[in-house]
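Working notes for the structure below.
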Amino acid sequence: MYGYASFVAGSLDKTIIIWNATTWNRVVVLRGHTGFVRSVRWNSAGTLLASSAWDETIRIWEMDSRTGKYLQVLQCSCWTHSVEWHLYG
């Protein structure tokens, strides 16, 4: 829903901000990380977003609604610097 016409960024304020890439208006601000958000990536369908942060978690967000909600929190044992979806997943 968001992927093809959206711009996404992680922030030092622990949020993820999604903008409409045509109007440059904010669409949604995702909250849930307790550390700096280092990396965000859309899946190929634009329906899921993965984010990693210095709170030692990776979060998977469902993006088929206007608000976005996290589906899964993956606990890591150290800071993560990037996330990436498999090309076919």
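For the pair W85 and N43, the tightest heavy-atom approach, listed with the atom from each and the gap, is NE1-N, 3.2 Å. Scanning both residues, V40 and G10, for their nearest heavy atoms gives CG2-N, 4.0 Å. Residues I60 and A50 come closest through the heavy atom pair CD1-CB, 3.9 Å.
Only one option out of K14, K69, M63 pairs with L30 in a side-chain contact (heavy atoms from CB on, under 4.5 Å); it is M63.
With sequence neighbours excluded, no residue satisfies side-chain hydrogen bond (donor to acceptor under 3.5 Å, both in side chains) with Q75. Taking the side-chain hydrogen bond (donor to acceptor under 3.5 Å, both in side chains) definition, one finds that W54 meets it with nothing, sequence neighbours left out. Listed by chain and number, the residues in a salt bridge (Lys or Arg N to Asp or Glu O under 4.0 Å) with R31 amount to none (sequence neighbours excluded). In this structure L12 satisfies the side chain to side chain contact (heavy atoms under 4.5 Å, CB included) test together with F36, sequence neighbours excluded. In terms of the side-chain hydrogen bond (donor to acceptor under 3.5 Å, both in side chains) criterion, residue partners of S52 (sequence neighbours excluded) are, by chain and number, T80.
In this structure a side-chain-to-backbone donor-acceptor pair under 3.5 Å is missing from D55 to H33. Checked by atom type and distance alone, the side chain of S11 pairs as donor or acceptor with a backbone atom of D13 at under 3.5 Å.
With rounding to the nearest 0.5 Å, the separation of CH2 in W19 from CZ in F7 is 6.0 Å. Between the CG atom in N20 and the CG atom in N25 there is a gap of 6.5 Å [rounded to 0.5 Å]. Note that CG of L74 and OG of S51 are 9.5 Å apart. Values are rounded to the nearest 0.5 Å. Residue T57 holds its OG1 atom at 9.5 Å from OH of Y70, rounded to the nearest 0.5 Å. With values rounded to the nearest 0.5 angstrom, L49 atom CG is found 12.5 Å from R59 atom CZ.
Applying the salt bridge (charged side-chain N to carboxylate O under 4.0 Å, His left out) rule to pairs touching residues 37-50 yields R41-E84, sequence neighbours excluded.
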